[in-house]
Each structure stands twice: as C-alpha cells, then as structure tokens.
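Lettering follows sequence order; numbering is per chain, from 1. All heavy atoms count here, side chains included; hydrogens, waters and symmetry mates do not.
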Amino acid sequence: MLDQKGKEIQQNLVKWYLKEKRDLPWRHTTDPYHIWISEVMLQQTRVDTVIPYYNRFTKAFPTMHDLANAEEEELLKLWEGLGYYSRARNLQQGVKEVIELYDAKVPNTREQISAIRGIGPYTAGAILSIAYGVPEHAVDGNVMRVLSRLYAIEEDIAKPKTKKIFENLIMIIIDKEDPSSFNQGVMELGATICTPGKPKCLLCPVREQCAAFEQGKTDSLPIKSKKSKVKKITYNGYMLKRSDGKWLVEQREEGLLAKLWQYPLIETNQTNWADLYGITWLEVEKVGEVTHLFSHLKWEIEVFVGKVEVKDAEKFAGRWVTEEELNQLPLPVPIQKMRNLAE
DNA sequence: AATTCGGGGGC
DNA sequence: GCCCCAGAATT
C-alpha cells in the first residue's frame with residue numbers, strides 16, 4: 001500500500017523529471033517500435049554512446065518492416081562498435097515475431113511482450129510504461145541504486161533474487177497517472193544525480209525522503225558483491241595481403257562477436273594453421289601488439305602483416321576482400337585496432 | 001544462481 | 001586499475 005513517503009517520492013520525482021529531463025532523441029516519440037530500439041540499445045550502454053546509433057538506426061529502419069527485411073550484414077554494420085551484437089539479431093527476430101503474430105503492432109501486456117525475443121523484464125516494463133502508459137516496473141541498475149538508497153535496502157543488488165524486492169516496491173510507488181515519467185524519472189535521477197560515486201544529494205528532489213542520506217549511508221549503498229576477474233587469451237593476428245591487393249578475412253561463427261569479421265586470429269598455442277588457408281608465406285613482419293578488454297576476458301594480439309600467395313584453392317577457407325569491401329563488413333573493435341596499428 | 005555476451009567513460 | 005552502465009539468454 002502506498003504510504004506517505006511513497007507518495008512524496010512519486011510526486012517529487014515526476015515533478016522534477018518533467019522539469020529537468022534531458023532532451024533525448026527517443027523522448028520525441030511514443031512509437032513503441034522506436035522506444036523498443038532505444039531500450040535495447042540502452043541495455044548496459046550509456047545514453048551518450050547510444051544517441052548516434054539510435055539516430056542512424058531509426059533512419060535506416062524507420063518501420064518494423066524495414067528492419068525485418070534488412071540484411072544481417074547491414075544490421076550488424078549499423079550496430080558496429082555498440083557491443084553485445086546478439087541484441088541486434090534478437091531485435092530483428094523480435095520485430096519479425098511482432099509482424100507475424102500481432103500484425104506489426106507491439107503488444108501492450110507484460111505477458112505477451114515478454115514472450116518476444118530480446119525483451120526481458122526490464123525492457124518489457126520500459127516499453128509498456130513509456131510507449132503505452134501502462135503502470136509496470138522497469139528495474140535497471142539505476143532503479144536498484146536509487147531505491148536501495150531511498151529505503152536503505154541492504155540486500156546485495158548483484159544477486160538476481162534481490163531484483164524482485166525493487167520490482168515489488170516500484171509497483172507500489174509508481175505513478176499510475178504517468179508511469180512513463182515516473183519510471184524515466186527514477187532512471188534519470190540515477191543517471192544524473194543519484195550516481196554510483198559522489199551522488200549530488202544537494203540537488204536531489206527526493207533528498208528529504210532518502211533514508212541513506214538521513215543515515216549517512218549514501219556512500220555505502222547500494223551493496224553490491226564484486227565479480228571475478230577476467231581471463232587472458234593471447235593470439236597471433238595475421239593481416240595477410242595477396243598479390244592482387246586483397247586481404248584475408250573470416251567470419252566468426254557463434255558466441256563472442258558472432259557473425260562479425262576478423263583477420264585470422266590464431267591462439268598462440270596452435271600451429272600449422274596456414275594449411276587451412278592454402279597459404280605460402282612470402283614476407284611477414286610483426287608490426288606491434290593490440291590489447292582489448294571485454295567484460296569477462298582480455299585479448300592480447302601480436303599483429304603481423306604479411307604478403308602471401310594462395311597455393312591450394314581447394315583448401316581455401318575465409319574470404320579475400322578489397323579494402324573497400326572490408327569497410328562494408330562489421331568489424332569488432334579489436335580488429336579495427338589492428339587496422340589502425342598497421343597504417 | 002552463475003556465466004556469457006562489448007565497449008567505453010569516469011575517477 | 002576498477003566500476004558500471006535504461007540487461008537478456010543460456011547453462
């Protein structure tokens with residue numbers, strides 16, 4: 001049941017949001033498809049990073065049919081550099097589902113929208129509340145941090161089970177008249193005022209309602225357990241150029257960076273791989289090293305540039321492309337780093 | 001419940 | 001360095 005504190009938080013937050021909200025591209029629309037795109041891009045990704053991608057993407061695929069009919073390569077090229085590339089493929093699949101099952105109208109119930117590929121608990125609530133005004137929770141990292149401070153909740157927000165506490169709490173204090181502004185207001189507060197380090201409490205519209213502020217716990221909340229450190233993998237990376245000026249590249253299969261293209265990367269403990277490509281070395285030179293940090297692992301690549309010839313077309317694997325063709329392929333950032341190094 | 005998915009910005 | 005970001009899918 002909504003108590004006095006909840007009511008004050010609700011009112012102060014919505015009022016503050018309507019006055020102070022940032023002018024963001026996806027705040028000029030309530031088209032559920034466009035809201036959907038923005039929410040997928042914003043998963044684990046900062047607003048400032050997303051803005052140019054969102055603008056390019058909605059221009060390239062203004063309707064769900066445009067996205068449904070897009071080639072995977074064009075899709076991934078537009079996503080290049082944004083990371084978590086399965087988001088792009090899941091989004092396209094989800095759009096196809098909506099076209100097939102719902103006549104190209106994004107459903108407006110949590111049950112139906114949650115069944116769509118790539119739409120989890122957070123994104124479901126975000127689309128429902130922002131595009132349709134449905135009072136549903138949309139709990140992300142911002143929301144957990146803000147609420148853990150407002151209510152001095154000491155549960156470990158890294159544990160999946162803890163999220164239910166915040167979802168239940170949001171369903172109580174959400175503004176049923178304007179769930180869009182309420183949900184976005186909580187996130188906006190978390191992004192701009194109630195930040196992880198050094199929160200700007202003196203500017204906070206709900207400071208009077210904040211248990212952590214009252215108890216001097218804004219620095220110790222939320223409580224979040226740390227995750228394990230990254231594994232290291234070392235590669236030799238080969239930028240191989242044929243006499244006609246074409247480069248050897250290959251497409252990654254599944255898992256990490258699925259469907260993106262790369263120069264051959266050979267784990268340093270492997271040997272005799274050149275047979276796979278039917279290659280004869282003419283000249284090879286080490287040009288430097290590239291390191292790249294992912295969330296859960298670290299790549300260290302020794303970069304070689306070589307002139308080669310193909311000696312056995314039957315064994316051919318990979319694809320030889322011109323510089324221009326290479327520019328059309330979606331390339332992961334560590335591969336772009338290799339290109340920059342070799343110039 | 002734990003792991004796998006990218007990349008960048010802030011301190 | 002370390003943290004964490006408008007998380008979801010898989011195991």
Side-chain angles (χ1 to χ4, degrees), chain A residues 17 21-22 24-27 35-54 76 79-91 93-94 113-131 136-146 156-164 166-167 170 180 182-192 194-199 219 222-231 252-260 291-299 330-337:
Chain A
Y17 174 75
K21 65 180 177 184
R22 291 169 290 177
L24 304 175
W26 45 90
R27 287 179 177 165
I35 301 296
W36 183 3
I37 293 169
S38 72
E39 292 300 338
V40 170
M41 286 186 169
L42 286 162
Q43 290 165 10
Q44 296 294 288
T45 311
R46 292 169 194 284
V47 164
D48 291 339
T49 304
V50 167
I51 290 173
Y53 285 92
Y54 173 85
L76 289 174
W79 211 272
E80 180 186 80
L82 196 54
Y84 288 150
Y85 299 94
S86 66
R87 291 185 294 178
R89 287 179 280 114
N90 289 342
L91 175 60
Q93 183 181 332
I113 205 172
S114 297
I116 297 168
R117 184 77 188 180
I119 299 186
Y122 163 78
T123 304
I127 297 172
L128 290 172
S129 60
I130 297 171
E136 280 288 341
H137 60 77
V139 174
D140 69 339
N142 287 312
V143 176
M144 290 195 284
R145 181 174 58 258
V146 169
D156 182 356
I157 67 168
K159 296 200 179 307
K161 193 171 67 175
T162 307
K163 195 167 68 166
K164 287 196 179 66
F166 299 107
E167 290 172 344
I170 287 291
S180 170
F182 179 84
N183 278 345
Q184 293 191 80
V186 182
M187 292 188 276
E188 188 86 350
L189 190 77
T192 61
C194 195
T195 47
K198 296 193 173 183
D219 287 336
I223 292 170
K224 185 173 189 181
S225 55
K226 306 181 197 308
K227 41 193 165 188
S228 56
K229 60 177 184 237
V230 304
K231 296 172 192 166
R252 296 177 65 86
E253 300 295 335
E254 51 199 21
L256 182 69
L257 303 171
K259 307 297 183 181
L260 277 71
T291 68
H292 188 77
L293 201 57
F294 299 90
S295 306
H296 57 300
L297 53 89
K298 180 180 185 179
W299 282 7
L331 305 176
V333 168
I335 301 304
Q336 297 178 31
K337 288 180 179 174

Could you tell me if the side chain of [Y] sits less than 4.5 Å from the side chain of [X], heavy atoms only?
| X | Y | value |
| --- | --- | --- |
| A:L260 | A:W79 | no |
| A:V186 | A:F166 | no |
| A:V230 | A:F294 | no |

Ignoring hydrogens and angles, state whether a donor on the side chain of A:R87 or A:N90 is under 3.5 Å from an acceptor on the partner side chain.
no

Distance-only donor-acceptor check, side chains A:Y122 and A:E39, under 3.5 Å:
yes

So what does [X] hit on the nucleic acid, given a heavy-atom distance under 4.0 Å: a base, only sugar-phosphate, or nothing?
| X | result |
| --- | --- |
| A:R27 | base |
| A:P334 | sugar-phosphate |
| A:F294 | sugar-phosphate |
| A:L82 | base |
| A:G197 | nothing |
| A:V47 | base |
| A:T123 | sugar-phosphate |

If the C1' atom of C:dC3 is compared with that of B:dG6, how far apart are they to the nearest Å?
15 Å

Suppose you measure atom C1' in B:dT3 against the same atom in C:dA6; what distance do you get, rounded to whole Å?
22 Å

Using a cut-off of less than 4.0 Å, is there contact between a side-chain N or O of A:R145 and OP1 or OP2 of C:dC5?
yes

Would you say a side-chain N or O of A:K226 is under 4.0 Å from OP1 or OP2 of C:dC3?
yes

With a 3.5 Å cut-off and just heavy-atom distances, do the side chain of [X] and the base of [N] make a donor-acceptor pair?
| X | N | result |
| --- | --- | --- |
| A:Y122 | C:dG7 | no |
| A:S295 | B:dG6 | yes |
| A:T45 | B:dG7 | no |

Where the side chain of A:Q44 is defined as all heavy atoms beyond and including C-beta, which of C:dA8, C:dA6, C:dG7 is the nearest nucleotide?
C:dG7

Dot-bracket, DNA chain B: Watson-Crick or G-U, under 3.5 angstrom, [ ] crossing, | other strand?
|||||.|||||

Short N/O separations, protein against nucleotides 8-11 of chain B, under 3.5 angstrom:
residue, atom, partner, partner atom, Å
B:dG8, N2, A:R46, NH2, 3.2

Nearest-angstrom distance from the residue atom NZ of A:K298 to C1' of B:dG6
16 Å

Rounded off to whole Å, could you give me the OH-to-P distance for the A:Y84 and C:dA9 pair?
14 Å

